[in-house]
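Each remark here refers to the structure printed beneath this line.
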Amino acid sequence: RDVRKGPYVMAEEHATSIFVTSDLHQNLTRSTSSGAIVKDFLEFADKYGRESLTEGPGSRVVGVGPSILTRKVREREGANVARISTFLPPRPTFSPVFERNKRMFDVLIVATRDIVKGEEVILYEG
């Protein structure tokens, strides 16, 4: 079926992302002497994760579901979906609603235009 402009797209797939904050990364690096699994995971997060849009510098978002197969473009015109966080106004000093939901703003995507059945989902990564 066609997707109208505005609704979430692949919400469950994008919500399966793992957040690796800079503090967690540092703690795992320091506390793991030679744990190959943890070391491999951190290398994977560094290589395939992206900078978080809401968690602050050094924090990574690592996609682990089918969402990692979504093609990404740098130009808004070439995309048909975008992360909610790209639409947010400047963040207030403190917002309880934002603080409770900020990770969802970082991973969930919405249709930025109508998408016809069978059309590829292309994510704006500006």
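Scope of the values below: all heavy atoms of this structure, side chains included, with no hydrogens, waters or symmetry mates. Residue numbers start at 1 and run along the sequence shown.
Of all non-hydrogen atoms in S59 and S22, the two that sit nearest each other are OG-N, 3.3 Å. In terms of heavy-atom proximity, S17 sits nearest to G63 at OG-CA, 4.0 Å.
Although no hydrogens or angles enter the test, the distance criterion places no donor-acceptor pair under 3.5 Å between the side chain of T86 and the main chain of A82.
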Test log, rule side chain to side chain contact (heavy atoms under 4.5 Å, CB included), inputs I122 and T70: CA-CA 6 Å; I122 303 170; T70 305; over 6 Å; no
Intermediate values then yes/no, side chain to side chain contact (heavy atoms under 4.5 Å, CB included), V62 and F19: CA-CA 6 Å; V62 184; F19 285 79; over 6 Å; no
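With rounding to the nearest 0.5 angstrom, the CD atom of E125 is 4.5 Å from the CZ atom of R83. If you take OG on S67 and CE on M10, they are separated by 6.0 Å, rounding to the nearest 0.5 Å. To the nearest 0.5 Å, the span separating OH on Y124 from CD on E75 amounts to 9.0 Å.
Under a hydrophobic-cluster definition in which Ile, Leu, Val, Met, Phe, Trp and Tyr are linked whenever side-chain heavy atoms come within less than 4.5 Å, directly or via other members, V64 and L24 are assigned to the same cluster. Placement of Y48 and F41 within a single hydrophobic cluster is found when ILVMFWY residues are connected by side-chain heavy-atom separations under 4.5 Å, directly or transitively. Residues F44 and I18 share a hydrophobic cluster, clusters being chains of Ile/Leu/Val/Met/Phe/Trp/Tyr side chains in contact below 4.5 Å.
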Let me have the donor-acceptor pairs involving side chains of residues 104-120, under 3.5 Å, with sequence neighbours excluded, atom names and distances please.
from, atom 1, to, atom 2, distance (Å)
D106, OD1, R50, NH1, 3.1
D106, OD1, R50, NH2, 3.4
D106, OD1, L53, N, 3.1
D106, OD2, S52, OG, 2.5
D106, OD2, L53, N, 3.1
D106, OD2, T54, N, 3.4
D106, OD2, T54, OG1, 3.1
T112, OG1, N80, O, 3.1
R113, NH1, E119, OE2, 3.1
R113, NH2, E119, OE2, 2.6
D114, OD1, K5, N, 2.8
D114, OD2, R4, NH1, 3.3
E119, OE1, V116, N, 3.0
E119, OE2, N80, ND2, 3.4
E120, OE1, R71, NE, 3.4
E120, OE1, R71, NH2, 3.1
E120, OE2, R71, NE, 3.2

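Not counting sequence neighbours, E12 has no partner by the side chain to side chain contact (heavy atoms under 4.5 Å, CB included) test. In this view, R103 and E55 satisfy the salt bridge (Lys or Arg N to Asp or Glu O under 4.0 Å) rule, not counting sequence neighbours.
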